[in-house]
Amino acid sequence: MSVRVRFAPSPTGFLHIGNVHTALFNWLFARHEGGESRLRIENTDTSREVAEATEQIQESLRWLGLDWDGELTFQLDRMERCREEAQRLLDEGHAYEDEGAIRIRMPDEGVTGWTDLIRGHIEYPNDKLEDLVAVRADGRPTYNFASPIEDWLDGITHVLRGEDHISNTPKQIRILEALGAPLPEYGHLANILGDDGRKLSKRHGDVTVEEFRADGYIPEALFNFLALLGWSYDDKTTVMSREELVERFTLDRVGASPAVFDYAKLDWLNGVYLRALPLDEYANRLVTYLREQGYDWDEELVRRAAPLVQEKIATLREFPAFAGFLFARPEATAVDGAVLPAAADALGAVEPFESDRIEAALRELAERLGLKPRDAFQPIRLAVTGSSVSPGLFESLELLGKEESLARIAGSGRGGPSGSSAR
RNA sequence: GCCCCCGUCGACUAGCGGUCCAGGUCACGGCCCUUUCAAGGCCGUAGCGCGGGUUCGAAUCCCGCCGGGGGCACCA
């Protein structure tokens, strides 16, 4: 039988990175096995938010490249079927009515066990299993009843979910057995934690896909990073493309212990991916990102600035702070400007105003003044970019153009900024 | 309280009885390169939770303890 898995978020808002991790592992497993990955929205409550949240979830999954097979389904659409099954259980004596609700009989002795795909054999004592409510007094099926029924109806072969579901598994197994339905395989993934060992939450940093996106991470980096949380290929491979991940992902290499989300490592990986992008693609990402973030900077200038920053920033978000001086004149900074007048003279004579010529002129100037390159260039950098940290000075000067560069060096020149202002 | 899961460097992990006085990556420290910052190169600090077993031999198997997490709803 071919593999079929499902990812079943509840439409409460943005996709939490922990849930995305679960979705990713389901997806990788399905794709590796050549099976199907389904998307199911567990919306037992009809709230107005559902439509938006559902759209949001899909958008996040699409951005990450986690596609799904078939139409997405809604738990709500299966309520009637669930009630029918409950009625059948009632008729067959597997369930009974209790104050208007329908409860399913659970065994009192023995154990309920299964071979967990990533934890091995797990046993749960049956005397801890209470007769659980399948359908509430108001007619709404409960999660623990609806979920396994849907897995059954959808032909789900492998249920990969968070470890917080471990204690639900014996209940669901008993339900399925009472229903006479086949059992899927179960695998419980470990949680993703924050650096304090607690469940990842807002105070640790970004937690939703949208936040990571807004903070300038690119999907292939997040994808790769998430895959390495609780899974590894071997003892030395870290950077893997989506295709390699699909090809190499197997459940037997998924770990059972919780992993801490290391933001520093994600930054590094994001930088790796950013640097590896072809220049024009890099520029495209930058342009798209800045547009999404509300910057109306000149696209052509952004593209020309792209090569100056690619080697230097780890997230797209750093661009505005790092290269913003190209689009708006920075605040005047107090500088030790002893070399500035001479630099202005030297630059004024450069023609055409291109980086290699600029470099030659400035190096010649430094030598003439007996200054180390660092000491000669840093004041210029400060005057022109407003910061002691910037893209390469010569290239930056070229992009700004002679007039604007000289104006900035003069400290109060004429001429406006070469681009429009931010936000 | 009861039940279940987990436990290798600060972090992610490799390790599935000997080839491990434990390997890789991030972070951290040092050096090199260098117009700043990055990137890159080289070097380094750092770990098998504890105690018993089993075995010629244990990070690897068993038991106990300790620690962490999750679950015990007419929530999902």
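Residue numbers start from 1 in every chain, and the chains themselves are labelled A, B, ... in the order their sequence lines are given, proteins ahead of strands. Heavy atoms only: backbone and side chains are in, while hydrogens, waters and symmetry mates are out.
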Is [N] paired to anything, Watson-Crick or G-U wobble with both distances less than 3.5 Å, and if yes, which nucleotide?
N      : value
B/rG7  : B/rC66
B/rC56 : B/rG18
B/rG40 : B/rC32
B/rG1  : B/rC72

Assign [X] to base, sugar-phosphate, or nothing according to its heavy-atom contacts below 4.0 angstrom with the strands shown.
X        : result
A/Ala259 : sugar-phosphate
A/Glu123 : sugar-phosphate
A/Arg161 : nothing
A/Glu311 : base
A/Arg275 : sugar-phosphate
A/Phe261 : nothing
A/Leu393 : base
A/Asp195 : nothing
A/Arg381 : base

Rounded [atom1] spacing from [N] to [M] in Å:
N      : M      : atom1 : result
B/rU55 : B/rG71 : C1'   : 38 Å
B/rU8  : B/rA46 : C1'   : 12 Å
B/rG47 : B/rA11 : C1'   : 12 Å
B/rC56 : B/rC12 : C1'   : 36 Å
B/rC9  : B/rU45 : C1'   : 10 Å
B/rG51 : B/rC66 : C1'   : 10 Å
B/rU34 : B/rG40 : C1'   : 11 Å
B/rC6  : B/rC48 : C1'   : 16 Å

So [X] and [Y], would you call those rings parallel, tilted or perpendicular, with 30° and 60° as cut-offs?
X        : Y        : value
A/Phe212 : A/Tyr263 : parallel
A/Tyr143 : A/His165 : tilted
A/His188 : A/Tyr186 : parallel

Decide yes or no, distance alone: a donor-acceptor N/O pair under 3.5 angstrom between the base of [N] and the side-chain of [X].
X        : N      : value
A/Asn168 : B/rA76 : yes
A/Lys372 : B/rU35 : no
A/Lys312 : B/rC37 : yes

Cationic N near anionic O, under 4.0 Å, [X] to [Y]:
X        : Y        : value
A/Arg363 : A/Glu367 : no
A/Arg213 : A/Glu59  : yes
A/Glu244 : A/Arg242 : no

Heavy atoms from C-beta onward define the side chain here; which of B/rC74, B/rC4, B/rG69 lies closest to that of A/Glu163?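 Nearest to the side-chain atoms of A/Glu163, counting from C-beta on, is B/rG69.
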Residue A/Arg253, side-chain atoms from C-beta onward, closest of B/rC12, B/rG15, B/rU36: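 Within the option list, the nearest is B/rG15.
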5' precedence on RNA chain B between A/Val260 and A/Ile118 (nearest-nucleotide basis):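 That would be A/Ile118.
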